[in-house]
Amino acid sequence: MNFTRWSARLPGTQRRAARDDHSAVPAARAEYAQDETGSGPPQGEPDGPATRPPAPALEHLSARDILGQLPALVALVHGPEHRVAYVNDAYAAAFGPRPAGVPAAEAMPELTELSLLPLMDQVLRSGTPRTVKSRKAGSGNSYTVTCTPVQHDKDKGHEGGVLVYAADVTDHAEAAERLRTSERRHRETAVTLQRSLLPQELEQPDDLRIAATYQPGGTDAAVGGDWYDVITLGAGRTALVIGDVMGRGVRAAAVMGQLRTAVRAYARLDLPPHEVLQLLDGLAAEIDASQIATCAYAVHDPNEGLLVYASAGHLPILVRDEDGTVHRAEGPTGPPLGTGGWTHTSGTIALPPGSTAVLYTDGLVERRNEDIDEGVAALERALSGAKGAPQVVCDRLMRSLNITAEHDDDVAVLVVQHPARTGSTAELFHNASLDLLGGIEAAPRARAFATGVLTSWRFPVELCDLGVLAAGELVANSLQHGTPPMRLGLRRTDRRLIIEVTDGDDHLPRRRRAEPADEAGRGISIVATIATSWGSRRTPGGGKAVWCEFALPR
């Protein structure tokens, strides 16, 4: 193979005869280059430095001289079969010498490993250089490769070719891989922490059916602090929580875990939703003033068929009626948690039997190129046609809003259904109430009422006796310490019997140890002993409610 005809057409070279001189290319410096007269560099003084040999001019060097000294890997091929014309020393050191005139597909398997042959075909056809980055060879080294077309001489029958220039970037590729591995482990840690802090199993209240979905952002997105929770408050009431910490990574997940724990603690106080958010607001500022969070907290009372809710900068709750009409909670919304200086307020939205409520985070509806109201409107349209079990509704909403594994933000969705019960199922849910009028004579009327109702509900005799005893003690406690109006309520579900007494006094009872000589103070202790659970709360209009529950035999 005559390399001269190739080297003459490489950029920066001239057409000339082949040279036998393959001397190394020295570092080019202007002060050592020959001038136009051909004189050499200035001679040193007799006692000065030694005279340096003259450096060859660029036009005196062949392409072979230049390419042979490059540390990068260089190969020259020609023709549509990419027959080998030349490989430099660096290429031979990396992959071994290659016989001239043999097609690259046979003589250069490394090009196949690097998937370069199709690229070289494209370069030869188009005459346009192409570069691929960080391709890994079978040896384990990574290369960034540039394929440059070499012009052909039609007059002399010379075929075009491709100059393959490969730079070894193994160190860079390994560093990038270590960084990706570190980021992947960091993300896995955050996702594991996030999932471990979410409810492992949702509580399922008697009157509601609930499902939830959490999906972390795609592999290129840092994990956020989305969370949800379901908390049974007693007396058939249920707290629903959805929140989002405005941060990323492990820190956001840790803050989320602290807030979720605090919500559960505050919920046990059975406070109104706006008071729970008020407490959370102060706590969020203490946890980390640089990270704020949004949160919606709602309480469902089956006796009223309402969701009482408060929002701290969170997106509105949506409720779908049985006929498909979707309502948006339009109540007051305060600033996010952690900002301080704001008094939150509560609002209400109806949740009648047959309806479905959806609580969600912004990852479900927010898009980079859309206003967030458009996303909420899209969710309303999807919810209007979503039927089935809560988990089915969850999955359908995620699909309708194009939430995939590559979505760029975390998504949390909580679906709550208040089923409409008919037939035999409806027979397992009953309510009965009695207004307590008059003085001490109200106590025997309450016991007689409780006896008749519990007997009609066909409870076992032992459970009827315990229920009547508990109702009598709660009514007696209210008559002694409370103020009118007073009311006794009985409720049964498929799982429990609930007894509740309300009055107009807002002082909550507490359990205390009665001394043997005491004539009072044993009522709440008796109720706490015989009932599965008991509790008390202040009612919104003033006054209080004291309740107890009995688990029904299966």
Side-chain angles (χ1 to χ4, degrees), residues 198-199 202-205 207-215 224 226-231 238-244 260 263 273 277 294-302 305-331 333 346-367 370-404 407 409-420:
L198 290 173
L202 286 177
E203 298 181 26
Q204 294 292 337
D207 295 273
L208 301 175
R209 297 293 177 264
I210 300 176
T213 295
Y214 168 74
Q215 179 174 298
D226 295 19
W227 94 92
Y228 55 83
D229 209 349
V230 178
I231 309 165
T238 306
L240 309 168
V241 193
I242 192 84
D244 184 4
R260 177 176 172 254
V263 169
L277 292 190
T294 64
C295 181
Y297 181 91
V299 175
H300 174 255
D301 190 331
L306 294 174
L307 273 181
V308 182
Y309 68 91
S311 175
H314 205 78
L315 294 166
I317 300 171
L318 302 181
V319 175
R320 177 190 181 276
D321 291 340
E322 195 168 12
D323 62 0
T325 304
V326 177
H327 305 277
R328 185 185 300 192
E330 299 290 356
T333 298
S346 294
T348 60
I349 186 170
L351 189 68
S355 60
T356 301
V358 177
L359 294 80
Y360 52 96
T361 57
D362 58 0
L364 182 65
V365 297
E366 189 173 27
R367 301 294 182 270
E370 294 180 1
D371 186 85
I372 195 168
D373 287 336
E374 296 180 13
V376 176
L379 177 60
E380 290 179 342
R381 292 190 295 271
L383 178 59
S384 65
K387 297 181 180 180
Q391 190 60 56
V392 173
V393 174
C394 262
D395 297 340
R396 181 167 182 176
L397 295 180
M398 296 282 280
R399 289 194 304 269
S400 298
L401 277 82
N402 299 318
I403 305 300
T404 65
H407 190 60
D409 195 6
D410 290 34
V411 176
V413 182
L414 184 65
V415 174
V416 181
Q417 288 184 347
H418 186 188

Taking C-beta and beyond as the side chain, do Ile231 and Val263 meet within less than 4.5 Å on heavy atoms?
yes

With side chain to side chain contact (heavy atoms under 4.5 Å, CB included) as the criterion, how do Arg209 and Val415 come out once you've worked through the C-alpha distance, each side chain's angles and the decisive distance to 0.1 Å?
CA-CA 8 Å; Arg209 297 293 177 264; Val415 174; over 6 Å; no

Taking only residues at least two apart or on different chains, which pairs with a member in residues 389-401 satisfy salt bridge (charged side-chain N to carboxylate O under 4.0 Å, His left out)?
none

Side chain to side chain donor-acceptor pair (under 3.5 Å) involving Gln204 - partner list, sequence neighbours excluded:
none

Output side-chain donor-acceptor pairs under 3.5 Å for residues 307-317, partner residues at least two apart or in another chain, one line each.
residue: Tyr309; atom: OH; partner: Gly331; partner atom: N; Å: 2.7
residue: Ser311; atom: OG; partner: His314; partner atom: N; Å: 3.2
residue: Ser311; atom: OG; partner: His314; partner atom: O; Å: 3.3
residue: His314; atom: ND1; partner: Thr294; partner atom: OG1; Å: 2.9
residue: His314; atom: NE2; partner: Tyr360; partner atom: O; Å: 2.6

Does some side-chain heavy atom of Arg260 sit less than 4.5 Å from a side-chain heavy atom of Pro199?
yes

Holding to side chain to side chain donor-acceptor pair (under 3.5 Å), I want the full list of residues that pass it with Asp207, two or more places apart in sequence or in another chain.
Arg491

So, using side chain to side chain donor-acceptor pair (under 3.5 Å) as the criterion, who are the partners of Asp323 when residues are at least two apart?
Thr325

Are Asp409 and Asp362 side-chain neighbours, meaning at least one heavy-atom pair lies under 4.5 Å?
yes

Derivation and outcome, side chain to side chain contact (heavy atoms under 4.5 Å, CB included), residues Val416 and His300
CA-CA 10 Å; Val416 181; His300 174 255; over 6 Å; no

Applying salt bridge (charged side-chain N to carboxylate O under 4.0 Å, His left out), which residue pairs with at least one partner in residues 375-385 are found, sequence neighbours left out?
Arg328-Glu380

Here the gap from Gln215 atom CD to Thr404 atom OG1, rounded to the nearest 0.5 Å, amounts to 7.0 Å

Any non-hydrogen side-chain atom of Lys387 less than 4.5 Å from a side-chain atom of Val392?
no

Let me confirm one number: the CG-CG distance from Leu351 to Asp321, rounded to the nearest 0.5 Å.
9.0 Å

How far apart are the closest heavy atoms of Pro419 and Leu208, and which atoms are they?
CD-CA, 4.3 Å

After noting the C-alpha distance and the side-chain angles of Val326 and Val319, does the key distance pass the side chain to side chain contact (heavy atoms under 4.5 Å, CB included) rule?
CA-CA 6 Å; Val326 177; Val319 175; over 6 Å; no

Evaluate the side-chain proximity of Val413 to Val393: yes if any heavy-atom separation is below 4.5 Å, no if none is.
no

What is the minimum heavy-atom distance between Gln417 and Pro390, and which atoms define it?
OE1-CD, 3.4 Å

Do the non-hydrogen side-chain atoms of Glu203 and Asp229 ever get within less than 4.5 Å of each other?
no

Is there a side-chain contact between Val241 and Trp227 (heavy atoms, below 4.5 Å)?
yes

Closest non-hydrogen atoms of Cys295 and Leu277, given as atom of the first, atom of the second and distance, are SG-CD2, 4.0 Å

Tell me the closest heavy-atom pair linking Ile210 and Pro205, and the distance in Å.
CD1-CD, 3.7 Å

Should Val365 and Ile372 count as side-chain neighbours, where that means a heavy-atom distance under 4.5 Å?
yes

Taking it one step at a time, do Thr361 and Ile242 satisfy side chain to side chain contact (heavy atoms under 4.5 Å, CB included)?
CA-CA 7 Å; Thr361 57; Ile242 192 84; 4.0 Å; yes

Within 6.0 Å of CD in Glu370, more than 12 heavy atoms from elsewhere:
yes

Drop me the distance from Asp373's CG to Glu366's CD, to the nearest 0.5 angstrom.
11.0 Å

